[in-house]
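Computed over heavy atoms, backbone and side chain alike; hydrogens, waters and symmetry mates excluded. Given the structure is predicted, the values throughout are model-derived calculations rather than measurements. Here is how names work: the chains are called A, B, and so on, in the same order as the sequence lines, proteins then strands, and each is numbered from 1.
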Amino acid sequence: MGPRLRSFPWRQTRDPWVILVAEVLLQQTQAQRVADRFDEILELFGTPEAVVALGQAGVVERWSGFGYNSRAVRLFRCAQTVVAVHGGVVPHRRDDLLALPGIGPYTAAAIRAFAFEEDVAVYDTNVARVIARAALGAPVAAGAGWATAQQMVPNERGWHYNQAVLDFGATICTARRPACERCPISRRCAYARAGFSGDDPARTTAGTARRQGTFRGSRREARGAIVEVLRQGPRTRQELQEATGMHAHFDAALDGLIADGLVTSSTERLALSN
DNA sequence: TTCCAGTTCT
DNA sequence: AGAACGGGAA
């Protein structure tokens with residue numbers, strides 16, 4: 001037998017809502033960071049009704065430390081939709097899942113594969129890298145990569161297979177320094193068999209991480225700082241600006257947060273939107 | 001600096 | 001297609 005799957009709390013359940021919450025948190029966020037706070041996450045967001053009851057501001061308040069705060073807004077709206085439209089039950093059909101706020105192609109597939117145990121391919125940054133390197137030895141567009149991934153899913157074993165590929169990409173076939181020396185499939189890896197000639201196929205493959213601008217001094221940093229201060233409670237514009245210490249992008253950041261429905265501006269104060 | 005179990009808007 | 005969107009960790 002090869003190595004076991006990594007032990008993550010969301011792998012011990014098939015509760016579709018819990019899986020959904022975990023997958024939303026895992027979007028662009030290292031698995032270990034989510035795992036470290038999973039008890040707290042379950043207590044806070046364990047049912048769609050609980051999320052609705054928290055209210056949007058409550059959800060955003062408790063999202064501290066996870067980043068991408070719009071995900072908190074979308075999770076709240078998603079909970080509302082699941083309760084109001086689906087009677088509190090997470091749907092299993094792809095189109096119904098994609099219609100939920102914050103649920104895109106990856107998360108819809110992850111819910112189907114990991115909660116409902118359907119044999120659908122989960123295609124994320126890890127899988128895209130593995131497909132490009134090991135299966136094809138060449139860069140892939142998103143559509144073709146997904147199709148290739150789907151062909152590889154074994155009948156009746158999708159749950160375990162998908163979790164295993166994710167682990168393989170996260171621990172062996174990594175973005176930076178892939179551990180080819182201890183790779184169990186290096187003999188069958190297209191890129192390895194080609195002698196690692198040319199650029200890393202994963203580099204230019206769609207679905208793998210794209211580079212972003214510098215965070216320090218960015219508007220995104222200002223947005224994050226503003227939301228973090230407002231988690232403590234409402235503030236005047238003056239107080240908010242001083243507390244964040246953000247000057248350069250403060251106005252644009254605040255405008256953006258209001259436009260995104262994260263922050264509400266009343267006559268005197270700014271606050272997280274309800 | 002790069003990258004992280006992506007989604008949404010333009 | 002490209003950009004915007006957090007913040008932590010290697």
Side-chain angles (χ1 to χ4, degrees), chain A residues 5-6 8-11 19-38 60 63-75 77-78 97-115 121-131 141-143 145-146 149 159 161-171 173-179 200 202-229 231 244 246 249 252-253 255-257 259-263:
Chain A
L5 255 25
R6 290 181 291 173
F8 287 125
W10 53 86
R11 289 178 167 175
I19 303 281
L20 183 154
V21 170
E23 292 298 341
V24 169
L25 279 155
L26 287 163
Q27 291 166 2
Q28 290 286 282
T29 305
Q30 286 90 340
Q32 191 55 52
R33 281 214 279 153
V34 178
D36 290 343
R37 292 177 58 186
F38 207 70
V60 174
W63 201 261
S64 182
F66 290 123
Y68 286 126
N69 295 311
S70 289
R71 285 187 301 172
V73 175
R74 298 192 189 116
L75 179 64
R77 293 177 183 163
C78 179
L97 288 166
L98 289 178
L100 297 173
I103 308 301
Y106 163 77
T107 307
I111 292 167
R112 296 177 67 197
F114 298 143
V122 169
Y123 194 76
D124 78 326
T125 184
N126 291 295
V127 183
R129 201 167 50 239
V130 173
I131 294 293
W146 197 291
W159 188 95
Y161 171 80
N162 280 300
Q163 300 280 21
V165 178
L166 254 25
D167 274 9
F168 177 66
T171 63
C173 198
T174 57
R176 238 97 48 111
R177 291 169 43 82
D200 179 355
R203 271 292 315 232
T204 50
T205 283
T208 55
R210 284 90 67 193
R211 58 182 309 272
Q212 10 179 267
T214 309
F215 179 64
R216 182 85 173 94
S218 69
R219 185 172 62 186
R220 293 169 69 183
E221 182 184 33
R223 283 174 56 112
I226 289 170
V227 171
E228 186 58 28
V229 170
R231 285 186 171 109
T244 58
M246 295 289 165
H249 296 95
D255 289 348
L257 288 167
D260 290 348
L262 269 157
V263 172

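- Regarding A:Glu221, its CD atom lies at a distance of 13 Å from the C1' atom of C:dG8, rounded to whole Å.
- For C:dC5, one of the phosphate oxygens OP1 or OP2 lies less than 4.0 angstrom from a side-chain nitrogen or oxygen of A:Arg223.
- Under the 3.5 Å distance criterion, the side-chain polar atoms of A:Arg129 are matched with a main-chain donor or acceptor of A:Gly169.
- Residue contacts shown for A:Tyr123 are absent, as no nucleic acid heavy atom lies under 4.0 Å away.
- Here A:Gln212 lies in heavy-atom contact (under 4.0 Å) with a base.
- Among the protein residues, A:Asp260 comes within range of no part of the nucleic acid, since none of its heavy atoms lies under 4.0 Å from any strand.
- Taking atom CZ of residue A:Arg74 and atom C1' of nucleotide B:dG6, one finds them 9 Å apart after rounding to whole Å.
- Among the atoms of the strands shown, base atoms are found under 4.0 Å from some heavy atom of A:Gly67.
- Under the 3.5 Å distance criterion, with hydrogens and angles disregarded, a donor-acceptor pair is assigned to the side chains of A:Tyr106 and A:Glu23.
- C:dG6 atom P lies 18 Å from atom CG of A:Leu26, rounded to whole Å.
- Side chain of A:Arg219 to backbone of A:Ala252: no donor-acceptor contact under 3.5 angstrom is found.
- On the C1' atoms, C:dA3 is 22 Å away from B:dA5, given to the nearest whole Å.
- Below the 3.5 angstrom threshold, one finds a donor paired with an acceptor across the side chain of A:Arg220 and the base of C:dG6.
- Proximity of A:Gln30 to the phosphate of B:dC4: no side-chain N or O atom is located under 4.0 Å from OP1 or OP2.
- Within 4.0 Å of A:Thr214, counting heavy atoms only, lies no atom of the nucleic acid at all.
- A:Phe8 places its CZ atom 12 Å from the C1' atom of B:dC4, with the value rounded to the nearest Å.
- A straight line from CG of A:Asn126 to C1' of B:dG6 spans 12 Å, rounded to a whole angstrom.
- Of the possible polar contacts, none joining the A:Thr174 side chain to the A:Ala170 backbone as a donor-acceptor pair under 3.5 Å is found.
- Residue A:Phe38 is tested with A:Trp10, A:Phe66, A:Phe8 for a ring pair (Phe, Tyr, Trp, His ring centres under 6.0 Å); the sole match is A:Trp10.
- Contact record, A:Tyr68 with A:Gln212: OH-NE2, 3.6 Å, taken as the closest heavy-atom pair.
- Between B:dC4 and A:Arg129, a contact under 4.0 Å exists linking OP1 or OP2 to a side-chain N or O.
- What separates CZ of A:Arg71 from C1' of B:dG6 is a distance of 9 Å, to the nearest Å.
- A donor and an acceptor atom never sit less than 3.5 Å apart when one is taken from the side chain of A:Thr29 and the other from the base of C:dG7.
- Position along DNA chain C of the nearest nucleotide to A:Arg176 versus A:Tyr68 favours A:Tyr68 as the more 5'-ward residue.
- Between A:Trp10 and A:Ile103, the one whose closest nucleotide on DNA chain B sits nearer the 5' end is A:Trp10.
- Which of C:dG6, C:dA4, B:dA5 sits closest to the side chain of A:Asp167 comes down to B:dA5.
- Within 4.0 Å of A:Ala31, counting heavy atoms only, lie sugar-phosphate atoms of the nucleic acid but no base atom.
- When the side-chain nitrogen and oxygen atoms of A:Thr107 are compared with OP1 and OP2 of B:dG6, none of them lie within a distance under 4.0 Å.
- Each of A:Glu23 and A:Pro101 lies near DNA chain B, and the nucleotide nearest A:Glu23 is the one positioned closer to the 5' end.
- Within the structure, every side-chain polar atom (N or O) of A:Arg211 is placed at least 4.0 Å from both OP1 and OP2 of B:dC3.
- One interatomic measurement links the two molecules: CG of A:Asn69 to P of B:dT7, which rounds to 17 Å at whole-angstrom precision.
- Nearest nucleotide to the side chain of A:Phe215, out of C:dG7, B:dA5, B:dG6: C:dG7.
- Atom-to-atom, CD of A:Gln28 to C1' of C:dG8 comes out at 13 Å; the value is rounded to the nearest Å.
- No engagement by A:Arg216 is indicated, since no non-hydrogen atom pair under 4.0 Å with the nucleic acid exists.
- Side-chain N/O atoms of A:Asn69 and A:Arg231 include a donor and acceptor closer than 3.5 Å.
- With P as the reference atom, C:dG6 and B:dT10 are 15 Å apart, rounded to whole Å.
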